[in-house]
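A short write-up of the structure that comes next.
By convention in this document, chain letters (A, B, ...) are assigned in the order of the sequence lines, proteins followed by strands, and residues within each chain are numbered from 1. Everything quoted here is computed from the prediction, not taken from an experiment.
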Amino acid sequence: MNYAYYPGCSAKGSSADYEKSTQAVCAVLGMNLVEIPGWNCCGSTPAHAVDTELSAALCSRNLDIAAQQGVEKLLTPCPSCLSNLRHTAKRMENPQFRARVDELLDNPAAPDFPGVTSVMQGMAAHCDANGIASFIRKDLGQLTLAPYYGCLMSRPADIMDFGDPENPTLMECLLAACGAKVLDFPLKTACCGASYGIPERTMTARLSARILRLATDMKADAIVAACPLCQMNLDLRQPQAAKEADAIFAMPVLYFTQIMGLAFGLSPDTLGLEKLRVSASALLDKLEPAPSISKTPVEGGQSCE
Amino acid sequence: MSAIRFATPDGLPAFLARLSENSRILAPAVKPAGKRSVIFEDWHEGMPVILEKATVPPKDAVLPQCETLFTYKKSKNPDNREDVALCLENRAEARPTVIFACRPCDARGFAVLDRPYLKGPFADPYYKAKRANLTVITITCASGCNTCFCHWVGGGPSSPEGSDILMTEIDGGFVLQSMTEAGEKLLESAGLDDGREVFAKAEAARKTAWASLASAPAIKTAPQCIAALFDNEQFWQEHTEACLSCGACTYFCPTCYCFNITDEGDAFDEKGGRRLRSWDNCMSSLFTREASGHNPRTQKALRMRNRIAHKFSTYPENWGAFSCNGCGRCISGCPVCLDIRAVVLNAIAAAASEA
Amino acid sequence: MPVMKDKELRIVGFLCNWCSYGGADTAGVARAEQPTDLRIIRVPCSGRVDPLFIVKALLSGADGVLVSGCHPRDCHYSSGNFYARRRLEVLKHFLPALGIDNARFEYTWVSASEGQRWQQVVTAFTRRIHTLGAAPGFEDAPLLMKTADMAPAPLRPLGTGKNAPLESLKQAIKEKLPDLACVIGWKQGYDDAHTTPLFAKKPEDVDELVWGPLNAANLAVYLPLFKGKKVGIVVKGCDSRSVVELLQENLVAREDVTIFALPCEGTLDMGRVNEKLGRYNVVGGIAHGATNITITTDGQEHDFSMAEYAQNKCRGCTEPEAVLSDVRMGDSPLVQGEAPVPQELALLDAMNLDERRSFWRTQMERCLRCYACRNACPMCVCRDYCISDSRDPHWMTQEAGVTQKLFFQTIHALHLAGRCTGCGECQRACPVGIPILGLRQHIARTVGELFDNYRAGIDPAAVPPLLGYEVEERNIREREWK
Amino acid sequence: MRIGVFVCHCGSNIAGTVDCAKVAEIAKNFPDVVYADDPMYTCAEPGQAAIEAAIHEHKLDGVVVASCSPRMHEATFRRTVERAGLNRYMFEMANIREHVSWIGKEQQANTNKSAELVEIAVAKLRNNRPLAAKTFDVTKKTLIVGGGVAGIQAALDCAEGGIPVILVERESTIGGKMAKLDKTFPTVDCSACILGPKMVDVAQHPGITLYACAEIEEVSGYVGNFSVKIRKRATYIDWEKCTGCGACSEKCPSKKTPDVFNEFTGTTTAINIPFPQAIPKKAVINAQYCRQFTKGKCGVCAKVCPAGAIDYAMQDSFVTEEVGCIIAATGYELMDWTIYQEYGGGRYPDVITSLQYERLLSASGPTGGHIVRPSDGREPQTIVFIQCVGSRDNSIGRPYCSGFCCMYTAKQAILTKDHLPQSRSYVFYMDIRTPGKMYDEFSRRAVEEYGVEYIRGRVSAVYPDGLGRYVVMGADTLLGEPVEIRADMVVLAVGIEAAKNAPALAEKLRISYDKYGFFMESHVKLKPVETNTAGVFLAGVCQGAKDIPASVAQGSAAAAKALALFARDKLENDPQTAQVDARRCVGCGKCIRCCPFGAITETEIRNEKKAQVIETVCQGCGLCTSTCPQGAVQLSHATDNQILAEVNALCR
């Protein structure tokens, strides 16, 4: 099945591993991601706080491209892109706002935009827990994972559509379907401080440390992220956080797509694991071949949604 | 000597236009509908000239469905609010009116109304003013119809009673013959061609019309017969069972003249209070309901008796003529096809068998 | 009373004493500034607000009417506002049929504590009325004459009832006659081309009974007059629905009425038949074909095919057979297809508000207030105590103006809400052919849309929609307003 | 008629934006108005005297007062005109304060509007008729719904006043929420010790009939003569025989039954007596957990019961009581705080409600009065109390203050220190609201004597730290910085809401309730005990948040209302009832079908069916009047003609 796909700029740089693993896992699931042509930045720079209309114009252009393609749904892996695209679609419902944005565009934006959804939501909509289980080739039963959505994915609730903004559960659902032990991770939607990584390094370190410490204390084998910025922050800045917290962390921070890929038996290279700063080798050691290819159905077998 | 004029069909609009310079013209107008009707309306140039028998008689011209007799206003003396002044304003309206193309039965209706309103002990000023300003141009009938029976009750397809001008259709046009002074005056200034040459054709047409009518039963004894049946409740009940007690028969009757008086509005209001006179309907229970709530005619049979007796017994007793001119609208307009002719004939027969 | 020129419009509010009047007080206590146009009439409960008050105000010159009561479930009288909601919602749908913009009427719920909400309601409603401007009147609307089209093809083959088992029916009636005060049917009227009601008391009377397309009159109208007596009645399908409605309203007892039914093959539109017959002295005879009748007048033959001359209602009829009967004969006709939008209603639907006001002004001008429409209506059970000609209550004057006449039609239509079976007798009875049936059809459609496709006169045990309520109405979304 | 119009200045309240003299002058031109004046304060004694004088001097037979809302002073002025010899219904009011002067500043528009409102009132008054009340007998008996402290107080006061009482309690014992409390503020005396004797009094008072495990099924009738059908739920134990010995629960094998009385802090047996001081002290079987019901076999309790009181076949039964008034005292419940996901949404065992904490504190509770963590039974060292959980929070649609949480939180913090002297307590608060007698002193003691740390600010999240404790993250808004506390236990001061079945009961009683389910009093300030249904009174938290002293006071107040009602042998009805014009009535029964009160019946007049209004039952809503097509039923004082007169005055 084809899905229109908006990778976002991180996918081409800092989160190339996210992109790689997303493509790989989606391929396994039978989701063919078709990148929309000529997309641009979603405006998720500090610009969107400075000039809403300019930022919306950037998003509108992307949404317009998707609309011209005639797609119904657009997938994106990045919560920040998702947030910007959805906010724009919402704001463009206001005719005055739309008129101002249209002035910034070469051509007025399409009257109706396609719906935008995250890759995570897209996967859950594409196949239910049993469907995911049927692809499992490696047993993740020894892994204890701390799902971490980051602060953006579920907020604001009415825009992002992730259920309770304090307690989203979709990622848990996917990870559990892959056979891993999933922690009820209390800080799953807490801020990691990434956006202040440059001006307020201490604060960022403190916030990250809080998450890393809890995951460590809860004996997690890895934190599972869904946001390029969070992943980079928690992984790359782990020494800074450790210094701030006066602790030693060795917590691999993987994308949920990487975990899924591992469960599906994909190779670490395919999933871009080599890009991790905190190595996932300990984690890989805990993987075992799946006991049998045809797994017993996941309880209920219902959709994750 | 009456004036006799001739008008072609094409000449009628000009004739009416000329009349309308000084008068309001009431002429038949067609109201298309699932059930088409013909209503007298203020004529103005451009309106088609319709010569059909109207669904509603032109009674409204002298006895409006509802007229404001007068308005009354009260005002308080600013120095003493308990001192209230009452001011009456008479609203008797009478503008010159010409009824065009009513039927002889309709015109005879005015004669029926004239008696109580003008010839009784008190002349009604409102009626009188309107009547004095009214000129009636009647088109004679070329035939009878299934519901009308003018020749039973003293009329006929070219009966002149109540008309100022009789108009008869002949080949190529209409002969207009004045029957009254007013009619004569009107025709003389109407700008129409002389019609004496073709008058004979008109007379012939009228005769043909008379001849086409089915023979009329003798109903001369109706007043006595109906009076004799007054207490025969069964007779009246049998003839009223189907009656719905609506006002279609009376409101569409050219001779029914009963009215109701009501006051509306407030004397202290800017518009003042209005004293209204409106048609009343003796077939309704309300007609005789007294303020106490008592009603001498609760049964519709008694009300039917009243209507028939009034038209064929008591009015004739008082005025020497039926107050029915056989237009048949009470039959054609009745939702359940009650037939006043049958009631009268049956009454005569029943009285005979009783006697 | 004149409004302040160029500044205020006339807005009338009906507020329940317990919630909304209190809410308006609360707004006052909070000094919540509001436009000055509104004049409040205090009523005990929104359930006290007869929709006719609203029509009366709008026809008398009000530019807007606002009704406000307690929130659903909060009624001081527990359920008054539930009834009000249904009735006012029906009115809201109905007003446009008259040509009145229903944005001029609103009903809402404001509690005694919601001063702020009251301020918002008044401000928004007043703004809305000012946007609409002064209400246009009826008396000076430009004239507009329009007529309804003929209905499309009938849902069943129409015929003349020639082969109906009339003789067997007469036999059956004669058998029952000894136990009955009379049996109501049809007989020949003043000529062969017209029928009139028959009240058969003796067996020989029964022989006068006729059956066929001339039997247009709905005889159910006579039943309440025989209250307490045992009577029989011969019905067409449509008539039987009126009987059912009378049973539902306790105006006739089931054990008192014996219903004789034949399947109806359609009735003629006598208005058009008479128009075609024109003036004639005598009927020379009438011949029934299978699908047409031929009437000979003064030696001339006139052919009337049922396909062309049946009443509109017969074409859209889905109940040619009685819905309730004691003696039923004849074969059941096959009805195919859905009932179309009735023609008089389609005519209204096709007009905009201005046109409708013009239309009604043009139509109502010729009304003589003879009340044949009312008295021919089997559901007009008030009879001699209709509020249209009473002084206490004093709803109407005797004045002959268009608004008075139209107000009566509104009274009739609103009183028929959920009760009208669409028999069309009102319109058939009108001697001047005013297409008033459209108003009844409009309200019947509204009732159907709002209340689960309810149709009057189907089930004697049904609760008529306006005499009931649901705490949560499925199809009324009055709370979406602000 | 001779009508007098009085246009009140209300000091400057009206006269500030309305030219009252001009309104009076305009009014003089209205029909039948023979006198008009514009007094300064119409409702004051001189103002009322002036009305009386004018009635005499100008021979007035009708009076219009244009002033404040009739909801404020209609009754006042009705009495005024009555004193001067007029019938009280020959009076109308025009509301030119709340509806005119207070909501608009333009004098010209206001003056015009006031004059029009007076005109409407005059138009209505000209159609008014004198109305006279009817008298009827009273059943001198009170029914009280709810056996919490408010209901208990009302019951005892009524019974002491000589009025028989029927007390209906949903649970198997009376005592309500107060019975679950350990100590009460501000005196820290034992709740059971002060409530217990009152409960015993209820049981022993000959004038009180107690139905526990019972609910109101149906209510009909009207003030003075209610008929109430009560459903007695099946307890599966014949209470006539049960001696409350407790042998059954000792032997009951189904020991994992949730303990409702202990707020689910522990478990109990399927057959049990909720607590030792229960009144009535009778056992009840929880059929959801009883093996006899779930598995179809057991019968242990039937075997051990020395009185032979067990009856597994018992069904719900009904009893109908005739009473003259009803007091609703149905209390409250805690809102469902688990919607707060940031506090774990109920997933963390050591995050508990304050009421659960009361049970932990209570010597008769599941822990025998030892404060221990539900998760591991250890004594907590650090306890965080979070206030306003579900109170004053618009984000979840609960803007109201629950009233007593500040005080009990202080109490619980103090008791914590008493129980665990080494412990540390923190209280996160928004504002401290302690406006009762000795209340603020009490909360200060918590801070000053017991060292409870009060932090002004909200808690943003509570989460387990993975090491067995909880991280409480919040803000100290006084210091302006984030706070993080490692706690062993978190106690939430959960906001209150009306009892679950309150709306259903309100509909049966025909009283109003707000959107949170609290019953509506007749007037927020002046009639806090009455409801809009005559003869139904309110006591306790069912009307709105209040603490024990206020609940007790309102219980007594409701009893006083009942006693005052019964001080008369006969009652008068409100004559604003519907009247049937039998001549117009066709007996179709549409009014009978609609009447919300069953106040219209069918009668026969000369063999014809007609409607008939039972005037004592009719409440005057007028639904029948707008239902009757022929206008045969007219609501007195709001007849069609009266309302039409008002419409006509406005629209012509």
Side-chain angles (χ1 to χ4, degrees), chain C residues 1 4 7-8 10 12 17-18 21-22 24-25 27-29 31-36 39-45 47-50 53 56-57 60-62 70 73-80 83 87 111 113 119 228 249-251 381-383 385-387 390 392-395 415 463 467, chain D residues 69-71 95 97-99 102-106 108-110 112-113 116-117 119-120 503 507 510 512-514 520 532 576 583-584 586-590 593-594 596-597 607 609 619-623 625-627 629-632 634-635 638-641 643-644 646-652:
Chain C
M1 198 183 311
M4 292 183 79
K7 189 174 179 309
E8 287 183 358
R10 176 55 77 224
V12 181
N17 177 51
W18 304 100
Y21 197 93
D25 283 354
V29 171
R31 310 297 197 274
E33 204 162 330
Q34 297 157 42
T36 54
R39 305 287 179 267
I40 293 171
I41 294 175
R42 185 167 63 127
V43 291
C45 175
R48 173 67 189 91
V49 182
D50 192 324
F53 286 128
K56 170 93 180 165
S60 307
C70 307
R73 295 172 200 268
D74 277 359
C75 178
H76 180 79
Y77 303 104
S78 89
S79 56
Y83 289 97
R87 294 167 188 186
S111 81
S113 59
Q119 178 192 31
E249 299 193 7
N250 297 325
L251 292 159
V381 294
C382 305
R383 295 287 146 192
Y385 289 94
C386 176
I387 58 168
S390 127
D392 187 8
H394 187 186
W395 286 92
H415 280 179
V463 176
L467 295 181
Chain D
S69 171
R71 286 164 56 94
N95 184 348
R97 191 178 75 175
E98 284 84 345
H99 292 187
W102 278 355
I103 59 165
K105 296 194 180 88
E106 268 185 77
Q108 194 199 352
N110 279 0
N112 177 56
K113 183 175 178 181
E116 289 193 9
L117 293 182
E119 186 172 2
I120 305 177
E507 279 163 29
R510 298 185 201 105
S512 307
Y513 53 96
D514 66 17
M520 296 285 281
N532 285 338
Q576 296 177 73
R583 268 196 297 261
R584 297 189 81 86
V586 297
C588 66
K590 294 186 182 82
R593 206 187 300 233
C594 286
F597 305 97
N607 294 324
K609 280 184 193 164
Q619 300 288 305
C621 66
L623 189 56
T625 311
S626 52
T627 300
Q630 63 270 37
Q634 291 289 332
L635 174 64
T639 63
D640 282 346
N641 273 4
I643 296 174
L644 282 169
E646 295 176 89
V647 173
N648 289 339
L650 284 173
C651 309
R652 50 170 91 121

Contact class of D:R97 relative to chain C, heavy atoms under 4.5 angstrom: neither
D:E106 versus chain C, the contacting section by heavy-atom distance below 4.5 Å: side chain
Pick from [options]: which one has the most heavy-atom pairs with chain C under 4.5 Å?
options: D:C594, D:A632, D:G620, D:A638; result: D:C594
options: D:V647, D:L623, D:T639; result: D:L623
options: D:L117, D:L635, D:T627; result: D:T627
options: D:C588, D:G631, D:P629; result: D:P629
options: D:P596, D:G589, D:G587; result: D:P596

Audit row: C:V12, D:E646, side chain to side chain contact (heavy atoms under 4.5 Å, CB included) steps and yes/no: CA-CA 10 Å; C:V12 181; D:E646 295 176 89; over 6 Å; no
With a 4.5 Å heavy-atom cut-off, do [X] and [Y] have their side chains touching?
X: C:S111; Y: D:M520; answer: no
X: C:I387; Y: D:R584; answer: yes
X: D:S626; Y: C:R87; answer: yes

C:R39/D:E119 salt bridge by N-O under 4.0 Å criterion: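 Looking at C:R39 together with D:E119, the answer is no, because their closest N to O distance does not fall below 4.0 Å.
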Grab the two heavy atoms, one from [X] and one from [Y], that are nearest each other, plus how far apart they are.
X: C:V381; Y: D:V586; answer: O-CG1, 3.3 Å
X: C:N17; Y: D:R71; answer: O-NH1, 2.8 Å
X: C:E33; Y: D:G104; answer: CG-CA, 4.3 Å

Check each atom of [X] against the heavy atoms of chain D and say whether the ones under 4.5 Å are side chain, backbone, both or neither.
X: C:A62; value: both
X: C:H394; value: both
X: C:V29; value: both
X: C:C70; value: neither

Whether D:F597 and C:Y77 hold their rings parallel, tilted or perpendicular, with breakpoints at 30° and 60°: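 Answer is perpendicular, since the angle exceeds 60°.
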Pick whichever of [options] has the most heavy-atom pairs under 4.5 Å with chain D.
options: C:V49, C:L251, C:D392; answer: C:D392
options: C:S113, C:S79, C:A27, C:G22; answer: C:G22
options: C:G80, C:G61, C:A24; answer: C:A24
options: C:G47, C:C45, C:P393; answer: C:P393

Test log, rule side chain to side chain contact (heavy atoms under 4.5 Å, CB included), inputs C:T36 and D:K105: CA-CA 10 Å; C:T36 54; D:K105 296 194 180 88; over 6 Å; no
How far does [atom1] of [X] sit from [atom2] of [Y], to the nearest 0.5 angstrom?
X: D:E98; Y: C:R31; atom1: CD; atom2: CZ; result: 8.5 Å
X: C:I40; Y: D:I120; atom1: CD1; atom2: CD1; result: 9.0 Å
X: D:I643; Y: C:D50; atom1: CD1; atom2: CG; result: 9.0 Å
X: D:Q630; Y: C:R383; atom1: CD; atom2: CZ; result: 11.5 Å
X: D:S69; Y: C:Y21; atom1: OG; atom2: OH; result: 5.0 Å
X: C:S390; Y: D:N641; atom1: OG; atom2: CG; result: 7.0 Å

Flag, side chain of C:R10 to backbone of D:C651, donor-acceptor distance under 3.5 Å: no
Chi angles and distances behind the side chain to side chain contact (heavy atoms under 4.5 Å, CB included) call for C:V463, D:R593: CA-CA 9 Å; C:V463 176; D:R593 206 187 300 233; 4.0 Å; yes
